[in-house]
There are 2 protein chains.
Amino acid sequence: METEKKKILLVEDDPNFGIVLKDYLAMNDFDVVLAKNGMEGFEKFKKDNFDVCILDVMMPYKDGFTLAKEIREKNENVPIIFLTAKTMKEDVLKGYKAGADDYLNKPFDSEVLLMKLKAILQRKATGSLADSKQFEFQIGHFHLNSKLRFLKFNDEEPIKLSPKENELLRLLALHENDLMPRELALTKIWRDDNYFTSRSMDVYIAKLRKYLKRDDSVEILNIHGEGFRLVVKAENQ
Amino acid sequence: METEKKKILLVEDDPNFGIVLKDYLAMNDFDVVLAKNGMEGFEKFKKDNFDVCILDVMMPYKDGFTLAKEIREKNENVPIIFLTAKTMKEDVLKGYKAGADDYLNKPFDSEVLLMKLKAILQRKATGSLADSKQFEFQIGHFHLNSKLRFLKFNDEEPIKLSPKENELLRLLALHENDLMPRELALTKIWRDDNYFTSRSMDVYIAKLRKYLKRDDSVEILNIHGEGFRLVVKAENQ
DNA sequence: TTTACCGTTTAACCTAACCTTAACAAAAAT
DNA sequence: ATTTTTGTTAAGGTTAGGTTAAACGGTAAA
C-alpha cells in the first residue's frame with residue numbers, strides 16, 4: 001500500500017504562476033517543493049528525493065535544460081517534465097526537448113498535467129523503470145517526435161508515422177548505436193514473441209529503412225539472431 | 001478588484017507612429033508612457049513600474065533587444081512585446097532569447113496588439129493555469145472569441161459558432177500545435193466517450209475544417225487513434 | 001397547435017490508415 | 001547443400017476517420 005504523497009520538485013521563476021501551480025498540485029495530493037530559479041532548484045534537489053521534477057525552461061541564470069542535465073548527473077531515473085513557451089519555435093526547442101520525459105506548452109490545461117503525472121508515476125510503479133518515456137530524439141538529420149508521431153528530415157514536410165513504426169523507431173533510438181534486441185521490441189510493442197509477430201516486425205524495419213534512406217549517415221543494421229542496431233555515423237559539421 | 005489602468009512603456013523612434021499608437025492604446029484604457037529611443041526608454045523604465053513594455057526593435061543608438069536585456073536585469077518578470085520588421089527572422093529568435101513574451105511584425109493590426117496585451121496581462125494575473133479562463137485566441141488569420149462564440153477571419157463578417165463547434169475549436173486552440181487527445185474532448189465536451197459521441201465529434205471536426213479552409217496556414221490534422229492537432233504554420237511572406 | 005428553425009446526433013457511404021500474412025529472394029549459419 | 005533468418009513487396013482484412021445528408025428534439029414564432 002502506497003499511502004505516501006508523491007513528491008514533486010517544481011522549478012518556476014514566475015512567482016505568481018509558481019504558487020498557483022504549487023497549490024493546484026497540492027490540492028491534488030502531491031507534496032510540492034517550489035524553487036524559483038535553477039540554482040535554488042538544484043540545491044533543493046540534492047537535499048531530498050523527488051518522484052518527479054517539473055522545470056520551466058525559460059528561467060534567468062540557469063535555464064531548465066541546464067538544470068535538467070545537472071539533475072540527470074545525480075539521478076538518471078527521475079522523470080522530468082519541461083514547461084515551455086508556446087511561442088518558441090520548434091527548432092529552438094528541439095535541443096531542449098531531447099532528454100525530456102515529457103513537456104507541456106504554457107499556458108497549459110491543468111488536467112493534462114495531472115494526466116501526465118499520473119501516467120509517469122504509474123509507469124514507474126509498474127516496474128518499467130528505466131523506460132520513463134523519452135519521446136523526442138535527434139537521429140542524424142532527422143528529428144523524431146514520438147508524441148506527435150512524426151519524423152522530420154531537415155526542413156522537409158514531416159513524415160507521419162504509424163503507431164508501430166513510431167514505437168519501433170523510438171525503441172531503436174533509445175538504444176542508438178547499440179543493440180536493440182528483437183525480443184525486446186516484440187515483447188514491448190507486439191506483446192508476443194512468435195514467428196508471425198517477428199515477421200511483422202521485419203516488415204516495419206523495412207519501412208523505417210525506407211524513411212531513413214534520405215540521410216546517408218543513418219542506418220539500421222541487423223545483428224543476425226540478436227536484433228537491430230540504429231547506427232548514426234558522426235558528421236563533420 | 002482591479003480598477004487601475006495598466007501601465008505600458010512604449011519605446012518607438014518613429015514619432016508619428018509612436019504618437020498614433022500611444023493614442024490608440026490610451027483610447028483602450030491603457031496608461032501609456034512613450035519614449036523615443038532606447039536610452040530614454042531605459043530611464044523611464046527605472047523611474048516607474050510598468051505592467052508591459054512594447055519595444056520597437058529597430059532604433060538608433062540602442063536597439064530594442066539591448067534595451068530588453070537591460071530591462072530584464074532590473075525586472076525578471078515584466079512582459080515584453082517586440083515590434084519587428086516583417087523581414088527579420090534571425091532577429092525574432094534573438095528576441096526570444098532576450099526573454100520576449102511576444103512579438104509583432106510591422107505593420108500590424110492594432111486589434112491583434114490589443115489581443116496580445118490582454119492575453120499577456122491575463123496570463124500574469126492568473127499564472128497561466130487558466131484553462132477555463134482563456135476565451136480569445138488568435139489562430140493564424142482568424143480570431144476566435146469563445147465567449148461570444150464567433151470566429152472572425154481578417155475583416156470578414158464573423159462566423160457564428162454553435163456551442164459544440166465553439167468548445168471544440170477552443171479546446172484545439174488551447175492545445176495549438178500539440179496533440180488534443182480525442183478522449184479529452186469527448187470527456188470535456190460530450191461527457192461520454194463512446195462510438196456515437198466519437199462520430200459526432202468527427203462531424204464537428206469536419207465543420208471546423210470547412211470554416212478554417214480560408215486560411216492556408218491553419219489546419220486540423222488527425223493523429224490516427226490519438227486525437228487531433230490544430231497546426232498553425234509560421235508565415236513567411 | 002402547428003410550423004419553422006437550429007443545434008445535434010445518427011446513418012450511410014467512402015477513403016485512408018494500419019497491421020498482418022503470404023510469397024519469394026537474399027544472406028547467414030549449420 | 002540445406003536450413004534458418006532476414007529483406008522486401010504486395011495483397012487482404014479491419015478499424016478509424018472524412019464527409020454529407022437525413023432524422024431527431026427542443027424552442028420560438030406564427
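No hydrogens, no waters, no symmetry mates; every other heavy atom, side chains included, goes into these values. Per chain, numbering begins at 1; letters A, B, ... match sequence-line order. Keep in mind the model is a prediction, meaning the values are calculated, not measured.
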Quick check on A:N49: does its CG atom have over 12 non-hydrogen neighbours (other residues, nucleotides or ligands) under 6.0 Å away?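 No, the 6.0 Å shell around CG holds no more than 12 heavy atoms from other groups.
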Got a sec: does the CD of B:E156 have more than 12 other heavy atoms crowding it under 6.0 Å? yes
Tell me: [atom1] of [X] to [atom2] of [N], nearest whole Å?
| X | N | atom1 | atom2 | answer |
| --- | --- | --- | --- | --- |
| B:K207 | D:dG17 | NZ | P | 19 Å |
| A:D202 | C:dC19 | CG | P | 16 Å |
| A:R149 | C:dC19 | CZ | C1' | 13 Å |
| B:E219 | D:dG18 | CD | P | 12 Å |
| B:Y204 | D:dA21 | OH | P | 16 Å |
| B:H224 | C:dC19 | NE2 | P | 8 Å |
| B:L169 | C:dG7 | CG | P | 16 Å |
| B:L221 | C:dA16 | CG | C1' | 14 Å |

Find the bend of the helix from C:dT1-D:dA30 to C:dT30-D:dA1 as the angle between its two terminal axes (five pairs each), to the nearest 10°.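 About 20° separates the two local helix axes.
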Nearest to side-chain heavy atoms of [X], which nucleotide of [options]:
| X | options | value |
| --- | --- | --- |
| A:N222 | D:dG18, C:dT20, D:dT6 | D:dT6 |
| B:F228 | D:dG18, D:dA10, C:dA11 | D:dG18 |
| B:I205 | C:dA11, C:dT20, D:dG18 | D:dG18 |

For a quick check, tell me whether the side chain of B:R199 and the base of D:dG18 share a donor-acceptor pair closer than 3.5 Å. yes
For residues 218-231 of chain A, which side-chain donor-acceptor pairs fall under 3.5 Å, sequence neighbours excluded?
residue: A:E219; atom: OE2; partner: A:K233; partner atom: NZ; Å: 3.0
residue: A:N222; atom: OD1; partner: A:H224; partner atom: N; Å: 3.3
residue: A:N222; atom: ND2; partner: A:G227; partner atom: O; Å: 3.3
residue: A:R229; atom: NH1; partner: A:N177; partner atom: O; Å: 3.1

Going by atom types alone, do B:T187 and B:D193 pair a side-chain donor with an acceptor below 3.5 Å? no
Assuming nearest nucleotide by heavy-atom distance, tell me which of B:Y195 and B:W190 is located more 5' along DNA chain C.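 The residue closer to the strand's 5' end, by nearest nucleotide, is B:W190.
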Please assess B:I54 against B:L25 for the test side chain to side chain contact (heavy atoms under 4.5 Å, CB included), listing each intermediate value before the final yes or no. CA-CA 11 Å; B:I54 302 177; B:L25 291 170; 4.0 Å; yes
May I ask you to evaluate whether B:K210 reaches the phosphate of D:dT19, defined as a side-chain N or O under 4.0 Å from OP1 or OP2? no
Name every residue in residues 157-168 of chain B that has at least one heavy atom under 4.0 Å from any atom of DNA chain D, in order of residue number, or write none if there are no such residues. none
When all nucleic acid strands are considered with a 4.0 Å heavy-atom cut-off, which category describes A:R182: base, sugar-phosphate, or nothing? sugar-phosphate
